[in-house]
There are 2 protein chains.
Amino acid sequence: MEQASQRAILAAQPIEWTRSGVVVLDQRQLPEHEVRNTYTDYKHVARAIRDMEIRGAPAIGVAAAMGAAIGVQRSLARTLDELRAEFETICAELAATRPTAVDLFWAISRMRAVFVQACQAALVRSALAPSLDDIRSAMVHEAQLVHREKREHDLAIGCHGASLLPRSGRVMTQCNAGALATAGIGTALGVIRMAVFEGHDLEVFVPETRPYLQGARLTAWELQQAGIPLKLITDNMVGHCLKTEDIAAIVVGADRIAANGDTANKIGTYQMAVLAREHGVAFYVAAPVSTLDLSLPSGDAIPIEERSPEEVTHVRGVRVAPDVPVAHPAFDVTPSQFITAIITERGIARSPYTDSLEKLAGK
Amino acid sequence: MEQASQRAILAAQPIEWTRSGVVVLDQRQLPEHEVRNTYTDYKHVARAIRDMEIRGAPAIGVAAAMGAAIGVQRSLARTLDELRAEFETICAELAATRPTAVDLFWAISRMRAVFVQACQAALVRSALAPSLDDIRSAMVHEAQLVHREKREHDLAIGCHGASLLPRSGRVMTQCNAGALATAGIGTALGVIRMAVFEGHDLEVFVPETRPYLQGARLTAWELQQAGIPLKLITDNMVGHCLKTEDIAAIVVGADRIAANGDTANKIGTYQMAVLAREHGVAFYVAAPVSTLDLSLPSGDAIPIEERSPEEVTHVRGVRVAPDVPVAHPAFDVTPSQFITAIITERGIARSPYTDSLEKLAGK
């Protein structure tokens, strides 16, 4: 039991900084193949982000930070000017990978600030021969710090949220808001992992989450690795399971949260929230404070990305529908009145969210 | 326009009685391949039902009737006793194919009644040498009658239901309650087809209906063939589309309807009904009177078929999840309070269903 509980928070990492380079777990090949690639060229890290070898907003942020760091670390530049020019190229290439991911730009701008600072510090130490190695070290240190902060945020979210879950019972999640998405223990899955770590006896219902099947491919794999009992379902079984399977709570992640608590998350989240309320089931959103976008008064202002029809008409390359018109909104917006609480690393926000989220953001 | 409207009720048939045998369109291979198999052995018809080469409650009823007919027609029995014994085997094998579809049992018991009658008639004509050929003819005739009645019922359902749909607008369906499911023009799709035939300008939202993808593979194919505009979505987009796409009505089929109107239908129907009510969208069930099971006071007594986990963990043979526990209820039950009306070939039933359905059944 003790062993099982500890295993719950030992998560396979989607990305790691090692002496040999940036090690990326190729999520496209999960669950069938557990392939890790070691990259020493930032261009390969950029490609890994673009081609969704690594995905999930927080994990993309970590990957961008590590990409910038490895680019500078392995740079052959001999002068500060050369290094500066190369750094701009690195940032531009990383920024061009997933133009909609907010964490990507956040991470790049953080790495740029550290780069500028490190360049200045090196010049202060020696204006004639500034040490490029000091700059390289600063970048590597910062990328590791970004990763550590993500891990700590997840742990804090997990600690805050765990007590909201039943001591014994069934919960449900959506998509993959797990270690694979965050490079920590996960947000929604972090709450579940931490609850199990603290001794809760949980079974997790996992909707497969079409069209990209993050639930079936990634969350099911993560929970299996963590030794947490699960049951895989299709997305249209959610209502039936809420009606018949005595599910105590739903925990999901978030892509963006407006000032009033309206939450954009993977398509399907909204209908789960409606169904949760119909069945009197608690509906929790778990996300870091960085997900809050208090500049948006409500979810109406959140743009919904429309993705490729092929992801709907094909499953892992196999055609499942004739060539017909397709709708493919990648996200939906859950109005805050359906959300029981929002769990962040700084604490738990409840309705009225305009007040509670503002307080958390200001902490 | 006129041409387009007529095309709306010209439907590809999933099963046909021919001189060469029972011709079954292999729906498992749609939409990629349009393969028809001719069966002269009832065991092959039973297998076609069990393996979902043909599916959909009314079509299963037609298939069972044709299976019983071809079994008797091609029987090598030389005496009435031999034929009777063989008929019992035929019925038992056909009845063991799919547990939830009430049409299967209805069709078998109808064929049994005709068989018994035909045996008696043959004995009346000649007690010493009853003509087995007369019995064979009676069975073939009855199977064809069952098929014709289904077609007529669909047309009547379509006529009754068409006026419930908007003159111009969007509707949604679930799974495939179309020609492929009924061997007519369909029940839910029959209503939509008939409305378009009568000049309504409709666009149909089609959830793919995992795990078996009847929406993506069959309904999308049927509507495309019929020239009716459609949009394919995944099952987790239903709530988002009801919220954002101005959908006027949902029409679904039924596998079994209890005396109080509770309706068993393809998994996912229940949550669509809950979401429809949340969004003030009319939710219609279209089904023949034979789907009514007035012996059941409510839906609680309807058995739910649990199908193979592989249909969830694999999509068309491709693995999409690790080897984990799976729930796979093939159907769910929608309580009648979520149902705006039930459209049958004898008219439209509305709440209180215990009265209205009893009246329709007694007609």
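Naming convention: chains lettered A, B, ... in sequence-line order (proteins, then strands); numbering from 1 in each chain.
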Picking from [options], which has the most non-hydrogen pairs under 4.5 angstrom with chain B?
options	result
T334(A), D332(A), V324(A)	V324(A)
R316(A), M237(A), K266(A), H328(A)	M237(A)
I233(A), V320(A), V315(A), L213(A)	V320(A)

Of the non-hydrogen atoms in M272(B) and T173(B), which two are nearest, and what is the gap between them?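 Closest approach of M272(B) to T173(B), heavy atoms only: CE-O, 3.4 Å.
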Do R55(B) and C175(B) come close enough that some side-chain heavy atom pair is under 4.5 Å?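 In short, these two side chains touch, coming nearer than 4.5 Å.
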What part of [X] is in contact with chain B, defined as an atom under 4.5 angstrom from a non-hydrogen atom: side chain, backbone, both or neither?
X	value
V318(A)	side chain
V206(A)	neither
F331(A)	backbone
P325(A)	both
K243(A)	side chain

For the side chain of D51(A) and the backbone of E53(A), is there at least one donor-acceptor N/O pair under 3.5 Å apart?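 No; judged by distance alone, with no hydrogens or angles, the pair does not exist.
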I'd like to know if R277(B) pairs up with E278(A) as an ion pair, taking the criterion as any Lys NZ or Arg NE/NH1/NH2 lying under 4.0 Å from an Asp or Glu carboxylate oxygen.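 E278(A) and R277(B): salt-bridged.
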E208(A)/R210(A) ion pair, N-O < 4.0 Å: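 Not counted as a salt bridge, because no side-chain N and carboxylate O are separated by less than 4.0 Å.
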Check: H279(A) ring centroid to Y270(B) ring centroid under 6.0 Å: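 Yes, they do, as the ring centres are separated by less than 6.0 Å.
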Would you mind telling me which of T313(B), I304(B), V274(B) has the largest number of heavy-atom pairs within less than 4.5 Å of chain A?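 Highest number of heavy-atom pairs under 4.5 Å: V274(B).
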